[in-house]
Amino acid sequence: MQYAIPAWDLPVVPVVAGGLPFPVRHIYCVGRNYAEHAKEMGGDATKEPPFFFTKAADAIVPARPPEVARIAYPMATQNLHYELELVVAIGKSGANVKAAEAQSLVFGYAVGLDMTRRDLQNDMREKKRPWDIGKSFAQAAPIAPITPVEQTGELAKGEITLLVNGETRQHGDLSQMIWDVPHMIEFLTRLYRLEPGDLIFTGTPSGVGPVVAGDRLEGRIEGLTPLVVEITEPAA
């Protein structure tokens, strides 16, 4: 097919053990899904319904170990933050799915980072405006290779840890999520039909903070391929 302008490559994420790459359709993110993180961001830990925001699919930066993924410090910010998250890859279509059946939609899991231009996000929040510009930008979603659910089983617990330059900055357990993956999918499919290729970033533990060019981040979730990212100087 011919297009009016040059077409771009389809965003894809590697799958472990030489599996065929996973094409990305949408990225959905869950906000404040760990109690301690909700507190550090000025919220509370009450179990209210989850809320969601999105990132552009081409915000992903697919890591291909043993190579280190590199992302340039983004434009228009002086306060870039990391947020380590479990990512759920969706393999089947579904709407109005009950939590008990939600696992059937899951293709697999990966380690991801929800990179955030915190100063822009905070400014928009104070003005009661959408804070997409704080969350959705180039290279805002680094992600490690996906491990199929057949190899992991349902992930409801397991250590989640982020190191920056070898120092632990975030540490928790997936069991500490306010809303587990099946209930996240239940809520999300009341709002959208999930489709194969969708990714869900499931929230971050406490300990988020800034990074600068030259920093090296290593995200680990028990049972999954680690994600290693280096922050480089801003693009020219």
Side-chain angles (χ1 to χ4, degrees), residues 1-16 19-31 52-65 67-77 79-93 105-121 124 129-147 184 188 191-204 211 213 215 217 219 224-236:
M1 180 180 291
Q2 293 184 327
Y3 298 94
I5 60 173
W8 47 91
D9 293 334
L10 179 69
V12 297
V13 180
V15 174
V16 300
L20 293 173
F22 182 90
V24 179
R25 187 187 299 259
H26 300 109
I27 299 176
Y28 300 101
C29 305
V30 184
F52 303 93
F53 57 91
T54 63
K55 291 178 182 275
D58 60 3
I60 65 165
V61 180
R64 294 177 172 86
E67 296 178 7
V68 175
R70 290 177 171 81
I71 62 174
Y73 196 94
M75 60 193 303
T77 184
N79 194 18
L80 177 67
H81 277 213
Y82 55 79
E83 297 188 13
L84 181 67
E85 312 206 0
L86 172 70
V87 181
V88 180
I90 298 298
K92 294 182 180 179
S93 178
L105 272 60
V106 175
F107 171 84
Y109 304 96
V111 180
L113 281 165
D114 167 18
M115 302 304 293
T116 302
R117 297 192 288 194
R118 190 72 74 198
D119 44 2
L120 300 186
Q121 181 195 26
M124 292 299 102
R129 296 176 181 174
W131 31 274
D132 303 60
I133 62 171
K135 288 290 189 177
S136 185
F137 53 91
Q139 301 185 321
I143 183 171
I146 297 168
T147 302
M184 272 186 259
L188 192 54
L191 303 170
Y192 305 95
R193 173 176 287 278
L194 287 178
E195 299 288 358
D198 289 346
L199 298 176
I200 305 173
F201 280 63
T202 61
T204 192
V211 286
D215 283 345
L217 290 68
L224 300 178
T225 300
L227 172 63
V228 182
V229 172
E230 181 181 315
I231 310 297
T232 66
E233 295 292 339

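Worth knowing before you read on, the calculation uses all heavy atoms, side chains too, and leaves out hydrogens, waters and symmetry mates. Computed from a prediction, not measured in an experiment: that's the story for all the values here. Positions are given from 1, in the same order as the sequence printed here.
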Exam field: side chain R117 to backbone A140, donor-acceptor pair closer than 3.5 Å: no
Donor-acceptor contact below 3.5 Å, side chain T116 vs main chain R118: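 No, T116 side chain to R118 backbone: no donor-acceptor pair under 3.5 Å.
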Close side-chain approach of [X] to [Y], heavy-atom, < 4.5 Å:
| X | Y | result |
| --- | --- | --- |
| M115 | V211 | yes |
| E83 | K135 | yes |
| L113 | L84 | yes |
| P74 | L80 | yes |
| Y82 | V229 | no |
| F52 | L191 | yes |
| Y192 | D198 | no |
| D114 | F53 | yes |

Residue of the set V61, V111, L199 for which side-chain contact (heavy atoms from CB on, under 4.5 Å) holds with I143: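 The option that passes is L199.
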Passing option when Y109 is tested against T147, T225, L86 for side-chain contact (heavy atoms from CB on, under 4.5 Å): L86
Rounded to the nearest 0.5 Å, how far does [atom2] of [Y] lie from [atom1] of [X]?
| X | Y | atom1 | atom2 | result |
| --- | --- | --- | --- | --- |
| D132 | T54 | CG | OG1 | 6.0 Å |
| T232 | I71 | OG1 | CD1 | 8.0 Å |
| I200 | M184 | CD1 | CE | 7.5 Å |

How close do [X] and [Y] get, heavy atom to heavy atom, and via which atoms?
| X | Y | result |
| --- | --- | --- |
| V228 | V68 | O-CG1, 3.8 Å |
| P11 | I60 | CB-CD1, 3.9 Å |
| V13 | P145 | CG1-CA, 4.4 Å |
| I133 | L120 | O-CD1, 4.0 Å |
| F22 | A89 | CZ-CB, 3.7 Å |
| I90 | K92 | CG2-O, 3.2 Å |

Salt bridge (charged side-chain N to carboxylate O under 4.0 Å, His left out) partners of E230, counting only residues at least two apart: R70
Contacts of type side chain to side chain contact (heavy atoms under 4.5 Å, CB included), residue S93, not counting sequence neighbours: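 Scan of S93 (side chain to side chain contact (heavy atoms under 4.5 Å, CB included), adjacent residues dropped) gives R193, E195, P196.
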